[in-house]
Structure formats: structure tokens, C-alpha cells
Amino acid sequence: MDKHAHILNVNQAGEQLLGFDRGHLLNRRFLQFIGPGHRAEFNRLLETLPHIGVAASERFSVIHRSEERLEVQLQALTLPNSAQDQPTSLLTLVNLTPLFKAQESLRALNAGLEDRVREGTQHLQVLADQFRRQARHDALTGLPNRVAFEESLELALEELHARGEAFAVLFCDIDRFKRINDSLGHPAGDQVLQELARRLQTVIRPTDHVARLGGDEFAVLLHGVAGQDLVSRVVTRLEEALAVPFVVSGQELFIQISSGALLVTDEYHSSEDILRDVDLALYQAKRGGPAGTRLFEPSMRDEFRGQLELEGYLRHALERDELVVHYQPIVDLQGGHLLGLEALLRWRHPQRGLLPAGAFVPLAEELGLIEQFDEWVLQTAVRDLAHWPVDCALDGPLWLNVNVSAAQLTQVAAVTAPLSKAPLPAPWRVLIEITERVLTHPADTDAATLQTLRDAGVELVVDDFGTGESSLSSLHRFPLRMLKIDRSFVATLDQNRELVRTITVIGDSLGLTVVAEGIETEEQRAQLTELGLTAGQGYLFARPLRADRLETHLHSTLKFP
């Protein structure tokens, strides 16, 4: 029944007892079948049931379809999984009428009745236990859920404060789990979650607890842990367990997870505080890249508050005209003559001053602002070109490299599409800088997207080449014009000479220009020239310049320094 005693479901025995079939009984008030003398008593039972949960067995009279009055034993139970404002009750009726018709068999029937009531009560208790378990366990993996995990944390906290029983908490989630759901479907994602739950249980001790908190996020409670060593061992065992591929729909998947860990001390007094801090540690681990692990440190709280403050300012940076573009020259390594410029995004933060892209672009990506920023940079750079007349005769066009912080080629095409409608002033040609991850995305090679780029006259530059995962075959499929060697290789040129030489040879063989970034000394320029490079950029030639300061150079020698 619902809270108004409307019948929601009835079994065959109930149909027989009342003399009506199921279709006639559904949605009718059960009160109409109660004998007139018992209706007030039945109403009182309904009023008290939501508060007491289970009503004691009581005797009522019900009216059969034939107008026969039947004596029944009635028991009611509020189902534990029903909403508080919409309680659902389970009503059990036992027909006692035969007991009054045969006095001689009363004792035998009464004994049988007691057994049936006992069995019914036991059955109801089993149902209640099942409902309680379902309320505290995850239906997909069978693991305890967030509610049960928080209860375990509260008990562990009591032990910590009463007996000094230290413990640790580990949060982990799957890196790029959304890509699994998007590419293989949610049933495949569910299989991954179930298998990860199984493997998590194999790397912990019997005394520890593992739970699924929701989505792809899992938590582990490690008892008797006062130091980082055991946490590290658990993480290592989990990494080893994940080294074995997951087989989903006949396909092998290698899963990586990020982890946050917290050593719980007696300064904690609630599960909410524990979950907040270990979640901060997981957040910091994910910011550091895939498959990372971070141990919570109190400084993370201040850092997170600063991040929230930065987020608030960043959401309004574009409308408040706080973004600016600086330009760093790309030059010929032999004579320092200008070959092109790289447009670099900067943010004039109202309190922190001028910030480089690395200080806020990752956050802009998280907030979904980066596509707007990319479009603004491209529009600003193209607009600046119109104010830069170049006086000197040139052998070829000057490049204007613009970074697009996109994860997919379709996003690059969306940002650069307006270039097909606005011809660039001579002698400029816009090149779009992307990271290697764009080349490895499986959905990015469709012909329509590539055609959109070609229609806009867009050629691509692979930035930080050598640090990603792109293959040589992927370089053939895209409209590439340039490879840029990451500054980390230039800074450690003594150790990376052969790698730089190899990248240069690859670029030359594909007809691509190879540019070295981060050149700061004459020695580096000489070594790079010896390795076959002809173009580069870095502080040796010029720092990134504002548009007005760059204009002076474009009116004169086009030479840096």
C-alpha cells in the first residue's frame, strides 16, 4: 500500500481472501474492505506505521465480495527503501475465520498459525535485511557504497581517538574513463568498473575496506597505517594488478588510475573532513597528469582556495579585457633574420600581474573556456597583422604561429574556420600549433575535418614534438608544415643530441620545417646549427614582445637580436 492505503500490489492469496481479481483491487483503498467496526482502528495503525516501522499483529474483520465477514490477522511493515514522504507498506493478512468455525481444532490451528506468523516474520526480516544491504551497497560492483564507507570512517575515527588506532584513506579514479564510455559504450564501461572493483579487493588486506563512491571513483580504508610506506605498497600492488590488460568486448584495454592518499591523524573528527582532504589530494594528482599519486598536505587547502579564487577571476577575464597577446620571433639560426612569430596568450590578472599561459590555460581547459580563448587569440593576432606593414623584401611569407589548446582536430577546425572568410595581409601566413595528442585521437582523421582545415588554408605545427605519442604514420595524414623541438631537449642538448638530430632528419625527410624552442645561449645555437637545424626561437634572440614593441622591428631590419 501507499501512505493513503491504496493497493499497489496484491498476491493470489489476497485475491482469494477478498474475492476480487487483481485488476479490480489495484489502486483501491484497502479501507473499503475493512469491517465498519475496525476502520477507525485501522486508520490509527496507518497513522503510526511510518513512525514505528513495523506494526504488531492485530485482528481485524474484512468483508469478502460475497458480503461474508472474515476475521484476519493483519501485520504491516514500512519498507526500508521507500522515501520518507512517500512511505510504502507491506501488508500481510492471515484468514482466521476457520478457527471460529471449528472450536475443537482451535489449538491445532492456533499452533499452525503461530508457525505461519513466525515464518512470515522471519521472511519479513530476511526482506528487511536485503533492503538494508541494498541501501549500503553498490548495485553494479557489489562493493559498499558511499554511505557504508562513511560509516566505516566514523568507526575508524572512534578507534583512533579512543585507542590511537591510526588509519589511512586512498581515493582513486580511472584516467580518461569517459573515453571508454564514449568509444565502447556504457556496458563496456560497467565491465571495466566491475573488474577494477575485483582487482582492488585483491590488493588490500582482509581487515581493510574498499568501496565505490560513485562513477569511476573508488575509496580504500587502510587500518593500522601510520606512515606512507604501506600506502605506497598498496598503490604499487594496484599498479601491478592494472598492468594486466582488461578484456572488454574482445578488446584489450590498459587502465591507468590516479590516486590521492591521506594519513588520518587525531585532528580529524568527522568523515566529511577526511573525504574533503583526500579528495583534494586526488585533485592534485590528476592535475599532475595521468597515473599520478599524491599524499595530502595541509598546504593543498590554501592552494585549492587560491585555485577557486583564480577560477572566479578567470571566468571574467575575457569580458574584462584582461587577456593580451605577446609575440616571440622565430628566426633564422645563421643570421637571426625574422622567419615568423609565435602568438602567446598572457593574462593581466588584477592582483597577480601578468601571468604566462601555463599558469591559467590548464584551468581554462577544465572550465570549458579554452575554445573561447583560442578564438580570441586567433582573432587578435590576425587583427594585429593589419597594423604591421613589413618594409623589407622577403624570399617567402612570414609565419604567424597561433597555439590552439584543443584535444581533438575537430576543435581545431572549429576555431580556425573563420580564416577561410578573411584573407590575410601579405606577407603573413597563419600556422596553427597543436600538441601531439591531437594526432593520436582516433576520431580526428575524418575526411570532412581535414577538408575544413584545407579550405581555411590552415597548416599545422606540432608543438613540443618528441614528448608525446604520435607515430610517423600519423604525420603523413595531416596537413603539417612544421615540427617544434621541445625546449627541454634544447636545455639538455648534451644528453639529447641524437634525439634532436633524429627529429631534424624526420622533419627534413617529410618536407617539414623544424624549429628549436628555448634557445638561450650562443653555444646552443652553434650546436643546433651543427645538427642541421635552421630555425629557432628563445631568449637569445628576443623575449615575447607586446604588439606595439614588436612593430619597431618590423619597420626596420627584421633581424634579431
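Judged by the 6.0 Å and 45° rule, R146 forms no cation-pi pair with F149. Relative to the ring axis of F360, R352 does not place its NZ or CZ within 45° and under 6.0 Å from the centre.
V382 is not listed as a side-chain neighbour of W428, based on a closest heavy-atom distance of 4.5 Å or more. In this structure, the side chains of D374 and Q411 stay at 4.5 Å or more apart for every pair of heavy atoms. Residues I204 and L238 have side chains not in contact (no heavy-atom distance under 4.5 Å, counting atoms from C-beta outward). L323 has its side chain within reach of W347: a pair of non-hydrogen atoms, C-beta onward, lies under 4.5 Å apart. Two residues are said to be in side-chain contact when any heavy atoms from C-beta on lie closer than 4.5 Å; L378 and I432 meet this criterion.
Counting heavy atoms of neighbouring residues, nucleotides and ligands inside a 6.0 Å radius, atom CD of E309 exceeds 12 of them.
Counting only distance, with no hydrogens or angles, the side chain of R348 and the backbone of D321 share a donor-acceptor pair below 3.5 Å.
Electrostatic pairing of R525 and E522 counts as a salt bridge here, judged by a charged N lying under 4.0 Å from a carboxylate O. Electrostatic pairing of K178 and D216 does not count as a salt bridge here, judged by no charged N lying under 4.0 Å from a carboxylate O. Under the 4.0 Å criterion applied to side-chain N and carboxylate O atoms, R276 and E272 are not assigned as salt-bridge partners.
There is no side-chain donor-acceptor pair under 3.5 Å between Y313 and E322.
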